[in-house]
Enquirer: 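This structure is in structure tokens; I'll ask about it shortly.
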Amino acid sequence: MDSDEHKRVLDPERDTAALKALTHPLRIQLLGLLRQDGPATASELAARTGESSASTSYHLRVLAKYAFIAEAEHRDGRERRWRALHTVTSWSNESMESSEAGRAFVGLARRRQIEHLERSLARYEADLAAGRLGQEWVEASGITDLIPRLTAESLTELLDTVAGKLEELTARDADDPRAEHVVFLAAGLPFVATGDRKAEDRETKALDAEDLNP
């Protein structure tokens with residue numbers, strides 16, 4: 001495991017048990033809540049997730065066992081408070097693709113990110129309607145759905161550029177009282193064009209016919 005103050009990098013060979021622990025959907029949600037809203041107790045997280053405090057307490061201990069979270073400063077001695085140890089969990093897609101466990105983890109993590117986007121959209125709309133967000137956020141907020149034609153190298157460059165700019169702006173706004181937490185998801189998912197799919201299907205069917213009629 002490579003890690004620094006902000007990032008936990010998972011390796012499919014060295015972190016097999018940690019990967020397995022993080023594939024539980026509630027654990028992913030609990031870790032996300034601690035990163036998004038700060039330290040909390042099992043009871044507080046139970047209220048936010050609709051789970052029992054016994055369940056959240058158990059899953060928090062599992063996350064702590066594999067160094068995703070740790071005990072935070074207690075307000076009193078009655079109940080543990082937990083904090084996330086990193087703001088980001090990262091990995092190499094190529095490395096994850098080499099094992100079944102890695103592929104399963106990445107697939108689950110991506111689907112949980114989509115669910116997070118749905119919850120974040122609902123939260124944004126509710127905060128805006130209730131006046132908890134100022135009107136300056138109306139024009140700035142949004143979801144972009146584009147389909148550019150890029151090479152793998154260009155897509156990598158695009159995502160690296162976005163990540164670098166995001167890090168720069170986060171540092172710039174760190175002490176600005178106007179800043180708010182912003183859910184920012186970036187996706188780059190290539191797909192085969194419809195015409196190419198049809199041609200590939202025809203070729204596959206032709207090969208199957210040859211197998212049946214040698």
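If you read the sequence from its start, that first residue is 1, and numbering goes on from there. This one's a predicted model, so the numbers in the text were calculated from it and none came from an experiment.
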Enquirer: Of the non-hydrogen atoms in Leu26 and Ser55, which two are nearest, and what is the gap between them?
Expert: CD2-OG, 3.7 Å
Enquirer: About how many Å separate CG of Leu166 and OG1 of Thr161, when rounded to the nearest 0.5 Å?
Expert: 12.5 Å
Enquirer: With the side chain counted from C-beta on, respond yes when Glu44 and Glu79 share a heavy-atom pair under 4.5 Å apart, and no when they do not.
Expert: no
Enquirer: With sequence neighbours left out, write down each residue that passes side chain to side chain contact (heavy atoms under 4.5 Å, CB included) with Thr151, or none if nothing qualifies.
Expert: Glu153, Ser154
Enquirer: Return the minimal non-hydrogen interatomic distance between Arg8 and Ala67, and the atom names on each side.
Expert: NH1-O, 3.1 Å
Enquirer: I would like to know whether Arg27 and Val62 meet side-chain contact (heavy atoms from CB on, under 4.5 Å); could you show each step before the answer?
Expert: CA-CA 8 Å; Arg27 290 174 199 155; Val62 175; 3.7 Å; yes
Enquirer: Ignoring hydrogens, what is the shortest heavy-atom contact between Leu159 and Ala186? Give both atom names and the distance.
Expert: CD2-CB, 4.4 Å
Enquirer: If two hydrophobic side chains count as joined below 4.5 Å and joins carry through other members, does Leu169 share a cluster with Val162?
Expert: no
Enquirer: To the nearest 0.5 Å, what is the distance between OG1 on Thr41 and CH2 on Trp82?
Expert: 11.5 Å
Enquirer: Could you tell me which residues satisfy side chain to side chain contact (heavy atoms under 4.5 Å, CB included) with Val183, sequence neighbours excluded, listed by chain and number?
Expert: Gln36, His116, Ser120, Leu185
Enquirer: According to the ring-ring contact (aromatic ring centres under 6.0 Å, His included) rule, which pairs have a member within residues 26-56, sequence neighbours left out?
Expert: none
Enquirer: Do His86 and Arg35 have side-chain heavy atoms sitting under 4.5 Å apart?
Expert: yes
Enquirer: Say you draw a straight line from CG of Leu10 to OG1 of Thr89; how long is it, rounded to the nearest 0.5 Å?
Expert: 6.0 Å
Enquirer: First locate atom CG of Leu121, then atom CD of Glu118, and finally report the distance between them rounded to the nearest 0.5 Å.
Expert: 8.5 Å
Enquirer: Would you tabulate the side-chain donor-acceptor contacts of residues 128-140 under 3.5 Å, counting partners in other chains and residues two or more places apart, or write 'none'?
Expert:
from: Arg132; atom 1: NE; to: Asp127; atom 2: OD1; distance (Å): 2.7
from: Arg132; atom 1: NH2; to: Ala126; atom 2: O; distance (Å): 3.4
from: Arg132; atom 1: NH2; to: Asp127; atom 2: OD1; distance (Å): 2.9

Enquirer: Output the distance between atom OH (Tyr66) and atom CG (Asp15), rounded to the nearest 0.5 Å.
Expert: 11.0 Å
Enquirer: Report yes if the side chains of Asn93 and Trp91 come closer than 4.5 Å at any heavy-atom pair, otherwise no.
Expert: yes
Enquirer: Got a sec, which pairs hit ring-ring contact (aromatic ring centres under 6.0 Å, His included) with one end in residues 140-178, sequence neighbours left out?
Expert: none
Enquirer: Going by side chain to side chain contact (heavy atoms under 4.5 Å, CB included), name the residues that satisfy it together with Ser57, two or more places apart in sequence or in a different chain.
Expert: Ala42, Arg61
Enquirer: Quick one: list whatever passes salt bridge (Lys or Arg N to Asp or Glu O under 4.0 Å) with Arg111, sequence neighbours left out.
Expert: none
Enquirer: Using the test salt bridge (Lys or Arg N to Asp or Glu O under 4.0 Å), find all partners of Glu115 that sit at least two apart in sequence or belong to another chain.
Expert: Arg112
Enquirer: When rounded to the nearest 0.5 angstrom, what distance separates CD in Glu51 from CD in Gln29?
Expert: 7.5 Å
Enquirer: In the single-linkage hydrophobic clustering (I, L, V, M, F, W, Y; side-chain heavy atoms under 4.5 Å), do Val106 and Val88 co-cluster?
Expert: no
Enquirer: Ignoring hydrogens and angles, tell me if any N or O in the side chain of Asp173 forms a donor-acceptor pair with the backbone of Asp176 under 3.5 Å.
Expert: no
Enquirer: Please list every donor-acceptor pair under 3.5 Å in which a side-chain atom of residues 98-105 meets a protein atom from a residue at least two apart or in another chain.
Expert:
from: Ser98; atom 1: OG; to: Ser95; atom 2: O; distance (Å): 2.5
from: Ser99; atom 1: OG; to: Gly102; atom 2: N; distance (Å): 3.0
from: Arg103; atom 1: NH1; to: Glu97; atom 2: O; distance (Å): 2.8

Enquirer: Considering non-hydrogen atoms only, spot the tightest contact between His24 and Leu108 and give its length.
Expert: N-CD2, 4.5 Å
Enquirer: Can you give me the closest heavy-atom contact between Leu22 and Leu31, atom names plus distance?
Expert: CD1-CD2, 4.0 Å
Enquirer: Holding to side chain to side chain contact (heavy atoms under 4.5 Å, CB included), I want the full list of residues that pass it with Pro177, two or more places apart in sequence or in another chain.
Expert: none
Enquirer: Can you tell me if CG on Asp160 sees more than 12 non-hydrogen neighbours from other groups inside 6.0 Å?
Expert: yes
Enquirer: Side chains of Pro12 and Leu19: does their closest heavy-atom pair fall under 4.5 Å?
Expert: yes
Enquirer: Is it true that Phe184 and Leu158 fall in one hydrophobic cluster, defined by side-chain heavy atoms closer than 4.5 Å?
Expert: yes
Enquirer: Just to verify, what does Glu71 make a salt bridge (Lys or Arg N to Asp or Glu O under 4.0 Å) with, not counting sequence neighbours?
Expert: Arg80
Enquirer: Holding to salt bridge (Lys or Arg N to Asp or Glu O under 4.0 Å), I want the full list of residues that pass it with Arg48, two or more places apart in sequence or in another chain.
Expert: Asp37
